[in-house]
Participant: 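After the structure tokens below, expect a handful of questions from me.
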Protein chains: 2
Amino acid sequence: MTTDSTNVTRRQGSDTKTEILDVALSLFVTKGYHPTSMQDIAEAAGLTKGGLYYYLKSKDEVLYLLHDRFIMEGLSWLRKVEEEVNDPEKKLVKLLKTHLAIIDQYKDDITLFFEAMKYLSQEKRQEVKSKRDDYEKIFIKAIEEGRNQGVFSIASSEIAVLYILGAGNFMYTWYKPEGKKTIEELADIFIGMIMNGLVK
Amino acid sequence: MTTDSTNVTRRQGSDTKTEILDVALSLFVTKGYHPTSMQDIAEAAGLTKGGLYYYLKSKDEVLYLLHDRFIMEGLSWLRKVEEEVNDPEKKLVKLLKTHLAIIDQYKDDITLFFEAMKYLSQEKRQEVKSKRDDYEKIFIKAIEEGRNQGVFSIASSEIAVLYILGAGNFMYTWYKPEGKKTIEELADIFIGMIMNGLVK
DNA sequence: TGACAAACATACCATCTAGTCGGTATTATT
DNA sequence: AATAATACCGACTAGATGGTATGTTTGTCA
């Protein structure tokens with residue numbers, strides 16, 4: 001394993017509850033959250049609705065568990081990088097590569113995350129948002145460090161992160177793992193743009 | 001009016017059908033497309049459901065009309081810029097400013113655009129996507145011109161545009177017109193990042 | 001072998017929703 | 001004044017949906 005690879009891979013669960021969450025995720029992403037019924041989920045999981053409710057309290061809970069599971073895993077990948085790398089520029093590059101690798105590995109999860117977070121209850125939504133803020137703060141911190149050491153030049157690191165993550169996040173709308181460019185090639189183009197811009 | 005301002009302002013309709021579309025848009029964005037019932041829309045428009053169906057054939061049609069009206073207006077703003085400016089770098093800058101001004105002026109429209117396009121029928125969705133491609137092509141063309149003239153350095157103008165527009169588009173998730181930074185200030189930071197990157 | 005809990009299935013309910021249809025008031029036209 | 005089109009209202013329906021309550025089977029362990 002080289003220092004550059006991100007090593008991000010999706011967990012492999014196998015118990016019934018995890019399987020239900022996985023098929024629910026797939027259905028939510030293809031059909032949408034509301035157009036997917038608990039009946040649909042049950043069938044796709046090889047259960048009846050009654051059986052489904054043995055494992056999960058409500059449709060809300062399914063949505064929440066999917067959000068929570070994703071953001072927790074995403075955060076844990078980023079935190080690993082944060083500890084490993086010290087140099088701010090190198091750290092930012094590796095954080096970005098990891099972020100794009102997460103988009104690659106967790107495409108459905110992130111799609112749901114951006115499309116259906118608004119359907120969480122106020123309370124749960126706050127909980128998830130707070131963890132998403134932690135995710136962003138890791139990037140902000142890296143950029144602040146770079147700015148303090150004089151390697152980055154930017155008016156506001158908060159805005160810079162919104163800009164950078166926005167560009168990456170939006171990939172979930174067009175990125176296809178089987179497409180022309182691999183995620184690593186895309187990452188290189190992105191990082192080039194972020195670091196040096198478009199102008200020669 | 002200076003050459004730099006974008007002059008993008010939202011149209012002001014006033015007939016009943018337009019009013020219905022406006023309240024529907026507002027409800028779709030705050031509550032979501034499916035959780036908003038035709039009953040809700042009728043009430044918000046000061047009608048009964050029967051009255052609502054006098055103006056609109058179906059809920060699908062409401063969704064389509066909102067998408068179409070937005071993308072057509074957005075396209076027309078961009079095309080104006082395309083004609084006005086010749087220099088590639090200046091053109092790209094003005095296109096970007098216009099894009100952000102559109103996000104500012106059409107925040108709800110663009111939110112629905114990204115959240116609910118998947119709920120259009122296959123046919124209508126293709127129609128809308130095709131116009132969205134035209135929108136992107138305007139940017140691609142500007143970057144290609146700049147690359148041919150040797151002012152831009154980028155591996156793929158398509159990817160560059162996905163990157164650039166992605167960063168802008170994602171603003172719809174966090175931008176608030178009443179927030180700390182005006183859209184012009186944000187535009188300046190964004191354009192700085194896009195043109196010259198983060199590194200000193 | 002009997003008891004008991006885990007892992008489901010079946011049948012059901014109350015509620016909500018998009019859409020329809022016949023009717024009516026109002027305004028414009030001839 | 002008669003006709004007709006416009007702009008609605010009120011009541012209704014058929015289907016779908018989240019969730020529940022009550023079984024039934026299967027495995028485990030004393």
Side-chain angles (χ1 to χ4, degrees), chain A residues 13-69 112 115-125 128, chain B residues 13-69 112 115-125 128:
Chain A
S14 55
D15 58 324
T16 308
K17 192 167 174 180
T18 306
E19 271 169 32
I20 294 174
L21 288 180
D22 286 339
V23 304
L25 173 61
S26 167
L27 286 170
F28 287 164
V29 167
T30 47
K31 298 183 48 168
Y33 175 66
H34 287 102
T36 299
S37 68
M38 291 301 265
Q39 183 76 262
D40 293 336
I41 297 172
E43 273 169 33
L47 289 169
T48 60
K49 212 160 47 139
L52 177 60
Y53 274 91
Y54 171 75
Y55 290 98
L56 294 149
K57 289 213 303 279
S58 67
K59 199 179 177 184
D60 288 326
E61 198 197 12
V62 178
L63 188 63
Y64 169 68
L65 289 177
L66 286 171
H67 275 78
D68 191 60
R69 159 178 109 164
L112 187 77
E115 284 185 1
M117 193 195 291
K118 70 194 292 181
Y119 301 126
L120 290 171
S121 69
Q122 171 87 32
E123 190 197 0
K124 296 292 181 190
R125 199 170 57 246
V128 170
Chain B
S14 54
D15 58 322
T16 309
K17 192 167 172 179
T18 307
E19 272 168 32
I20 294 174
L21 289 180
D22 285 340
V23 303
L25 174 61
S26 168
L27 286 170
F28 286 165
V29 167
T30 47
K31 298 181 47 167
Y33 174 66
H34 288 102
T36 300
S37 69
M38 292 301 264
Q39 184 75 264
D40 292 337
I41 297 173
E43 274 170 32
L47 290 169
T48 60
K49 211 158 48 137
L52 177 60
Y53 274 91
Y54 172 74
Y55 289 99
L56 294 150
K57 289 212 304 281
S58 66
K59 198 180 176 184
D60 288 326
E61 198 197 12
V62 177
L63 188 62
Y64 169 67
L65 289 177
L66 286 171
H67 276 79
D68 190 61
R69 152 179 116 163
L112 186 75
E115 284 186 1
M117 192 194 291
K118 71 193 291 182
Y119 300 126
L120 290 171
S121 69
Q122 170 91 29
E123 190 197 1
K124 296 292 181 191
R125 199 170 58 244
V128 170

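Computation of the quantities below employed the complete heavy-atom set of this structure, encompassing side-chain atoms and omitting hydrogens, waters and symmetry-equivalent molecules. Below, chain A is the first sequence line, B the second, and so on; all start at residue 1.
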Participant: Whole-Å distance between D/dG19 P and A/E61 CD?
Facilitator: 10 Å
Participant: Please report, rounded to the nearest Å, how far the C1' atom of D/dT17 is from the NZ atom of A/K31.
Facilitator: 12 Å
Participant: Just how far, in rounded Å, is P of C/dA9 from CD of A/Q39?
Facilitator: 11 Å
Participant: By the 4.0 Å heavy-atom rule, please label A/L52 as base, sugar-phosphate, or nothing.
Facilitator: nothing
Participant: Just compare D/dG18, C/dG19, C/dA9 and give me whichever is closest to any side-chain atom of B/S58.
Facilitator: C/dG19
Participant: Does any non-hydrogen side-chain atom of A/L63 lie less than 4.5 Å from one of A/L112?
Facilitator: yes
Participant: Does a side-chain N or O from A/Y55 land closer than 4.0 Å to OP1 or OP2 of C/dA6, or not?
Facilitator: no
Participant: Can you find a pair of side-chain heavy atoms, one from B/E115 and one from A/K118, that are under 4.5 Å apart?
Facilitator: yes
Participant: Can the ring centroids of A/H34 and B/Y33 be said to lie less than 6.0 angstrom from one another?
Facilitator: no
Participant: Indicate yes or no: at least one non-hydrogen side-chain atom of A/L56 is less than 4.5 angstrom from one of A/L65.
Facilitator: yes
Participant: Roughly how many Å is it from NZ in A/K59 to C1' in D/dT20, rounded to a whole number?
Facilitator: 17 Å
Participant: Mind calculating the distance between NZ (B/K49) and C1' (D/dG10) to the nearest angstrom?
Facilitator: 11 Å
Participant: Does OP1 or OP2 of D/dA7 have a side-chain N or O of B/Y54 closer than 4.0 Å?
Facilitator: yes
Participant: Within this structure, what is the CG-to-P distance between A/L63 and D/dG19, rounded to whole angstrom?
Facilitator: 12 Å
